[in-house]
Amino acid sequence: MRVLCASTLIGEFFVIGFAGLVAMKEPDLATATVWTVCGVLMLLSVLLCGMITRPGGVQLGWALQILLIGGGFFVPSMFVLGAIFAALWWASVHYGRKIDEAKARFAAQAASAGESTAPERTRSQPQAEAGGTPA
């Protein structure tokens, strides 16, 4: 889940930056305000990459998605982009958890299969030397 969610957040980092460039052209918005808000959101998206697996990380990610959709009131294209990234966020969380569960299940199966099928070595069985075969 961490890789999928982090990839989505890094994509959002760039979208937020580009939205800031578009918002700068809006005459009603001060440049300092635009870059303060965008900077905070960009920093949040990068920090969330490391917080995904911690308690509350996914919920903070959802909060970021809501803020991005809300950015559409200032940059109308953010309604669409925010909705797209919210869908990507959902997919990252949903399918990432399924992948994590499958990996854990396969690791448990491999561990139990490895323990039950591993032959016991005795002193009478020779060890294989590096690159060679047992005598």
Side-chain angles (χ1 to χ4, degrees):
M1 178 174 80
R2 183 176 181 176
V3 173
L4 290 174
C5 290
S7 299
T8 301
L9 290 168
I10 293 300
E12 288 179 359
F13 172 86
F14 290 106
V15 168
I16 294 166
F18 291 131
L21 292 173
V22 172
M24 277 183 31
K25 297 186 183 223
E26 183 66 37
D28 297 336
L29 300 174
T31 303
T33 304
V34 168
W35 286 116
T36 301
V37 171
C38 287
V40 168
L41 292 175
M42 291 170 78
L43 180 64
L44 179 62
S45 68
V46 171
L47 292 177
L48 275 173
C49 289
M51 295 175 52
I52 292 301
T53 56
R54 295 195 174 148
V58 174
Q59 289 79 9
L60 283 174
W62 279 115
L64 179 64
Q65 305 315 311
I66 292 168
L67 290 172
L68 288 181
I69 294 170
F73 290 109
F74 303 101
V75 178
S77 61
M78 286 305 294
F79 283 125
V80 174
L81 290 171
I84 289 170
F85 273 99
L88 283 172
W89 182 253
W90 175 85
S92 298
V93 171
H94 179 74
Y95 292 112
R97 286 183 177 156
K98 286 189 174 200
I99 290 169
D100 289 347
E101 290 169 3
K103 281 183 180 180
R105 191 170 49 249
F106 291 140
Q109 287 174 352
S112 66
E115 291 173 6
S116 63
T117 61
E120 294 292 325
R121 291 188 182 238
T122 62
R123 291 181 187 235
S124 63
Q125 291 178 334
Q127 296 283 329
E129 293 186 25
T133 58

Pair Leu81-Glu12, side chain to side chain contact (heavy atoms under 4.5 Å, CB included): steps then yes or no: CA-CA 9 Å; Leu81 290 171; Glu12 288 179 359; over 6 Å; no
Stepwise side chain to side chain contact (heavy atoms under 4.5 Å, CB included) check, Ile52 with Leu9: CA-CA 10 Å; Ile52 292 301; Leu9 290 168; 3.7 Å; yes
Worked verdict on Ile10 versus Cys49 for side chain to side chain contact (heavy atoms under 4.5 Å, CB included): CA-CA 8 Å; Ile10 293 300; Cys49 289; 3.8 Å; yes
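Across every non-hydrogen atom of Gly57 and Leu48, the tightest pair is O-CD2, 3.7 Å. Between Ala86 and Ile69, the closest heavy-atom pair is CB-CD1, 4.1 Å. Of all non-hydrogen atoms in Phe13 and Val46, the two that sit nearest each other are CD1-CG2, 3.6 Å. Minimum interatomic distance between Val75 and Ala19 (heavy atoms only, all atoms of both residues): CG2-O, 3.9 Å.
A heavy-atom distance below 4.5 Å is found between the side chains of Leu21 and Trp35.
If you take CZ on Arg97 and SG on Cys5, they are separated by 8.0 Å, rounding to the nearest 0.5 Å. Residue Arg2 holds its CZ atom at 11.0 Å from CG of Asp100, rounded to the nearest 0.5 Å. The line from CD of Glu101 to CZ of Arg105 is 7.0 Å long, rounded to the nearest 0.5 Å. Rounded to the nearest 0.5 angstrom, Leu41 CG and Leu68 CG are separated by 6.5 Å. Between atom CH2 of residue Trp90 and atom CH2 of residue Trp62 there is a gap of 8.5 Å, rounded to the nearest 0.5 Å. Between the CD atom of Glu26 and the OG1 atom of Thr31 there is a distance of 11.5 Å, given to the nearest 0.5 Å.
Hydrophobic cluster of Leu4: the remaining members, joined at side-chain heavy-atom separations below 4.5 Å, are Ile99, listed by chain and number.
Note on Phe85: it clusters hydrophobically with Tyr95, by side-chain heavy-atom contacts below 4.5 Å among ILVMFWY residues. A continuous path of hydrophobic side-chain contacts links Met42 to Met24 [ILVMFWY only; heavy atoms under 4.5 Å]. In the hydrophobic clustering of ILVMFWY residues, with side-chain heavy atoms under 4.5 Å counting as a link, Val22 and Val80 come out together. Both Leu29 and Phe18 belong to a common hydrophobic cluster when Ile, Leu, Val, Met, Phe, Trp and Tyr are linked at side-chain heavy-atom distances under 4.5 angstrom. Ile66 and Ile84 are assigned to two separate hydrophobic clusters, defined by single-linkage of ILVMFWY side chains at heavy-atom distances under 4.5 Å.
In Phe79, the CZ atom is crowded: over 12 heavy atoms of neighbouring residues, nucleotides or ligands sit closer than 6.0 Å.
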